[in-house]
S.K.: 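Take this structure, written in structure tokens, and hold onto it; I'll ask about it next.
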Amino acid sequence: MVLHWFRRDLRVADNTALSEAARRAEVVVPVFILEDALRTGPDVGAARLAFLLRSVRDLRDDLGRRGYPLIIRAGKSELELPKLAAELGAEAVFCNQRYEPYSQARDARVFNALNTAGIGFEVFKDAVVWEEREILTQAGNPYTVFTPYSKAWKARPVPPPYATLPPTTRKYPVVASAPLPLDPAELGHPLTQTVPATGSAGAGKLLDDFLAGPVFAYAEGRDFPAQRGTSRLSPHFRCGTIGIRTVLARLELARKQAGTDPGRRKGCEIFLTELIWREFYQQVLSNFPHVMKGCFRPEYDALGWSENRAHFEAWCAGQTGYPIVDAAMRCLNATGEMHNRLRMITAMFLTKDLLISWQWGERYFMQKLVDGDLGANNGGWQWSAGTGTDAAPYFRIFNPVSQGQKFDPVGDFVRQWVPELAGVDSGVIHEPWTAGIFGGGARYPRPIVDHGEQRLKCLAMFKAVRGVGG
Ligand SMILES: Cc1cc2nc3c(=O)[nH]c(=O)nc-3n(C[C@H](O)[C@H](O)[C@H](O)COP(=O)(O)OP(=O)(O)OC[C@H]3O[C@@H](n4cnc5c(N)ncnc54)[C@H](O)[C@@H]3O)c2cc1C
């Protein structure tokens, strides 16, 4: 008998450890542990927790239809797993690899506890196609620049999806199972945001819809927040409600469907490149875990960031007076989602207009994002701040007005999230102050900083740590 310990792999299809358990053991018992860290972890966000809990419910239903009861236990994995394995007489626990340093520390404790009890523990690669030591430069070092990494990634054959867990008619021993809370408030995190459709069914529908059309226009469509031009699969990748190999196999079919049409092929190619960004940042986190605590380039730890809390709070609340920034932050606060273009705009605004550390923004995003993921979030923040591996150079500073004009040209996205500006003309919606629209009856704030002035201050701040001529 093998216990399959579900973590961020909440699906029955294309699941490495689960299919391996089904292949090697006569009896597979699925288990999920409601870890204490779900209550107390510093970065737990209510939307993400709700997404996780509901996806566990969906998984329990999927498993139930196949004849497998999902056992839920609450507490510390290193105590609960050996206890459950002993109750059932299981020989081993299987699970899929997690890459966050704190998860790996927990897994080491689980290994020790199981080992002491004479129970096996096997961990499999699942969430990524290639792990941190599998794609290296010719000199045997990890890549720190994306383009050559991506080229090396694309040069390798992609493995096919793993077999889906087969149904069973076996009678399972009845053991205690804890109730599954569906409201994150029960774990101390009241939900104030909406939550997208969960589970493998939610992921499958998003993938079907995306591959039926938007993928072919992705090269352009992915940059416009008011359009539905991206897959929205990120919370599903994070919880593992869909397997990466499944997505890649389906993308290959779409690529064939695109035929020789260069625009449609380009859409498929760029989508693949985005999926590789996810693995790139994952390997950065694994190979350079210091990024969790500071800049990838340590000289930037000396940057003299502002600690202006009023500015930070205005940014969090979507009250900066820059409409595209405010619309993006209000969307995040209400839905837990934010389009990639807007993540770059808001992150650059915090770091390069308000001159506030990327670490404050990284933490806020982790509290709010439904897809919050340590590797991708840290990578995105350090890229935007100019402190990371393959960062935008520090002197590349987005202008929030021209970004708005370019990527929300008629202002539909701003109108959706900033009702104070709903009646404002498209021509001035991204700089309403030019038409005298702010404060008073209009209720919309004046810009809290002047972009031109802050840009110069930002350049000076970076130059101060880079030295003369830097
Ligand atoms: C400041 C900042 C913070 C970010 N924080 C996160 C985060 O916490 N979690 C997260 O999953 N992504 C994060 N991203 C990356 C990106 O914004 C999201 O992955 C994307 O917006 C999710 O929408 P989608 O699923 O529709 O993406 P699509 O455009 O459909 O892309 C498909 C998938 O590729 C991956 N992907 C795409 N772009 C990136 C990228 N730049 N880096 C890493 N993976 C990528 C995601 O898994 C995504 O689901 C961040 C980016 C920035 C600039």
Side-chain angles (χ1 to χ4, degrees), residues 8 43 45 47-48 51 99-100 127-129 146 149-150 153 196 202-203 206-207 209-211 213-215 217-225 227-244 247-248 250-251 254 267-285 291 315 325 328-329 331-332 335-352 357-392 398 403:
R8 293 229 198 129
D43 281 334
R48 204 161 54 251
F51 191 91
Y99 299 97
E100 305 81 7
V128 294
V129 179
F146 177 72
Y149 172 84
S150 152
W153 196 105
L206 287 176
L207 185 63
D209 291 351
F210 180 67
L211 295 180
V215 70
Y218 184 76
E220 285 79 35
R222 73 195 175 113
D223 256 331
F224 295 90
Q227 294 172 15
R228 209 189 154 101
T230 68
S231 71
R232 302 194 178 203
L233 280 170
S234 50
H236 293 281
F237 281 124
R238 186 193 171 272
C239 277
T241 40
I242 196 156
I244 182 64
V247 175
L248 291 168
R250 294 280 309 276
L251 179 60
C268 297
E269 191 61 27
I270 295 184
F271 184 64
L272 173 63
T273 306
E274 296 306 313
L275 297 173
I276 299 173
W277 270 109
R278 175 175 162 269
E279 300 207 354
F280 177 70
Y281 283 138
Q282 201 62 74
Q283 66 89 24
V284 169
L285 177 65
V291 297
W315 177 83
V325 174
M329 294 305 294
C331 171
L332 171 68
T335 66
E337 293 183 283
M338 196 196 278
H339 187 278
N340 182 56
R341 170 62 47 184
L342 301 174
R343 296 189 207 210
M344 293 192 286
I345 296 173
T346 53
M348 282 231 191
F349 187 81
L350 184 76
T351 53
K352 294 182 172 172
S357 168
W358 59 269
Q359 288 173 301
W360 289 26
E362 181 195 27
R363 201 171 319 128
Y364 188 74
F365 268 28
M366 277 313 267
Q367 285 157 8
K368 294 289 172 185
L369 279 173
V370 71
D371 68 6
D373 171 86
L374 184 57
N377 193 42
N378 183 279
W381 273 97
Q382 296 226 37
W383 181 91
S384 306
T387 60
T389 40
D390 202 16
F398 283 1
Q403 286 285 313

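What's counted below: heavy atoms across the whole structure, side chains too, no hydrogens, waters or symmetry copies. First listed ligand is number 1; within each ligand, the first listed atom is number 1.
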S.K.: At less than 4.0 angstrom from any non-hydrogen atom of Y218, what atoms of ligand 1 do you find?
M.R.: 28 (P), 29 (O), 31 (O)
S.K.: Is the contact between Y281 and ligand 1 made by the side chain, the backbone, both, or neither, using heavy atoms and a 4.0 Å cut-off?
M.R.: side chain
S.K.: Tell me, which protein residue and heavy-atom name are nearest atom 45 (C) of ligand 1, and how many Å apart are they?
M.R.: E274 O, 3.6 Å
S.K.: If you look at every heavy atom in S384 and T351, which pair is closest and at what distance?
M.R.: O-OG1, 4.2 Å
S.K.: Evaluating non-hydrogen atoms only, which member of I270, N378, I242, T230 is closest to atom 26 (O) of ligand 1?
M.R.: T230
S.K.: So for R222, does at least one of its heavy atoms come nearer than 4.0 angstrom to any atom of ligand 1?
M.R.: no
S.K.: Taking only heavy atoms of R278 into account, list the atoms of ligand 1 that are under 4.0 Å away from them.
M.R.: 43 (C), 44 (N), 47 (O)
S.K.: Using distance alone, decide if ligand 1 has a nitrogen or oxygen within less than 3.5 Å of any nitrogen or oxygen in D371.
M.R.: yes
S.K.: Numbering the atoms of ligand 1 from 1, which are under 4.0 Å from a heavy atom of S234?
M.R.: 11 (O), 22 (C), 23 (O), 25 (O), 49 (O)
S.K.: Report the part of T346 (side chain from C-beta onward, or backbone N, CA, C, O) that has a heavy atom under 4.0 Å from ligand 1; answer both or neither where that applies.
M.R.: neither
S.K.: Considering non-hydrogen atoms of the protein only, which is the closest contact for atom 10 (C) of ligand 1, and what is the distance?
M.R.: A376 CB, 3.5 Å
S.K.: For a 4.5 angstrom cut-off between non-hydrogen side-chain atoms, does W153 reach L272?
M.R.: yes
S.K.: Any side-chain heavy-atom pair from F51 and H236 closer than 4.5 angstrom?
M.R.: yes
S.K.: What about Y364 and W360, are their ring centers closer than 6.0 Å?
M.R.: no
S.K.: Who's the nearest protein heavy-atom neighbour of atom 3 (C) of ligand 1, and how far?
M.R.: N377 OD1, 3.3 Å
S.K.: Do F271 and ligand 1 have an N or O pair less than 3.5 Å apart?
M.R.: no
S.K.: Quick one: are D373 and Y281 in side-chain contact, heavy atoms under 4.5 Å?
M.R.: no
S.K.: Of the protein's non-hydrogen atoms, which lies at the shortest distance from atom 41 (N) of ligand 1, and what is that distance?
M.R.: N340 OD1, 4.1 Å
S.K.: For a quick test of reading the model, state the closest non-hydrogen atom pair linking L211 to A254 and the distance between them.
M.R.: CD2-CB, 4.2 Å
S.K.: For a quick test of reading the model, state the closest non-hydrogen atom pair linking T346 to A328 and the distance between them.
M.R.: CG2-CB, 3.6 Å
S.K.: What do you reckon, does W381 have a nitrogen or oxygen under 3.5 Å from a nitrogen or oxygen of ligand 1?
M.R.: no
S.K.: Near G372, which atoms of ligand 1 are under 4.0 Å from a heavy atom of that residue?
M.R.: 8 (O)
S.K.: Would you say H339 has any N or O atom under 3.5 Å from an N or O of ligand 1, going by distance alone?
M.R.: no
S.K.: Identify the closest protein heavy atom to atom 33 (C) of ligand 1: which residue and atom is it, and at what distance?
M.R.: L275 CD2, 3.7 Å
S.K.: Taking 4.0 angstrom as the limit and counting only heavy atoms of L233, give me the atoms of ligand 1 inside it, by number and element.
M.R.: 25 (O), 49 (O)
S.K.: Taking all heavy atoms of E337 and all of V370, pick out the closest pair and write down the distance.
M.R.: CG-CG1, 4.0 Å
S.K.: Which residue holds the protein heavy atom closest to atom 24 (P) of ligand 1, what is that atom called, and what is the gap in Å?
M.R.: R232 N, 3.5 Å
S.K.: For atom 8 (O) of ligand 1, what is the nearest protein heavy atom, given as residue, atom name and distance?
M.R.: D373 N, 3.0 Å
S.K.: Just to be sure I'm reading this right: ignoring hydrogens, which of G379, G45, P225, S231 gets closest to atom 27 (O) of ligand 1? Compare them by their nearest heavy atoms.
M.R.: S231
S.K.: Which residue and non-hydrogen atom of the protein lie closest to atom 14 (N) of ligand 1, and at what distance in Å?
M.R.: R343 NH1, 3.7 Å
S.K.: State, with a plain yes or no, whether a side-chain heavy atom of R232 is found less than 4.5 Å away from one of D209.
M.R.: no
S.K.: Does ligand 1 have a heavy atom under 4.0 Å from the side chain of W383, from its backbone, from both, or from neither?
M.R.: neither
S.K.: For residues R238 and R48, determine if any side-chain heavy atom of one lies less than 4.5 Å from a side-chain heavy atom of the other.
M.R.: yes
S.K.: For W277, is at least one N or O under 3.5 Å away from an N or O on ligand 1?
M.R.: no
S.K.: I'd like to check Q283 versus V128 (side-chain heavy atoms, cut-off strictly below 4.5 Å). Are they in contact?
M.R.: no
S.K.: Taking both backbone and side-chain atoms of S384, is any N or O found less than 3.5 Å from an N or O belonging to ligand 1?
M.R.: no
S.K.: State, with a plain yes or no, whether a side-chain heavy atom of W358 is found less than 4.5 Å away from one of L350.
M.R.: no
S.K.: So that I can tick it off, tell me whether R278 and D371 are bridged by a salt bridge, with the cut-off set at under 4.0 angstrom between side-chain N and carboxylate O.
M.R.: no
S.K.: How about F349 and W315: are their ring centroids closer than 6.0 Å?
M.R.: no
S.K.: Taking the side chain as every heavy atom from C-beta outward, state whether V247 and F271 have any pair of such atoms under 4.5 Å apart.
M.R.: yes
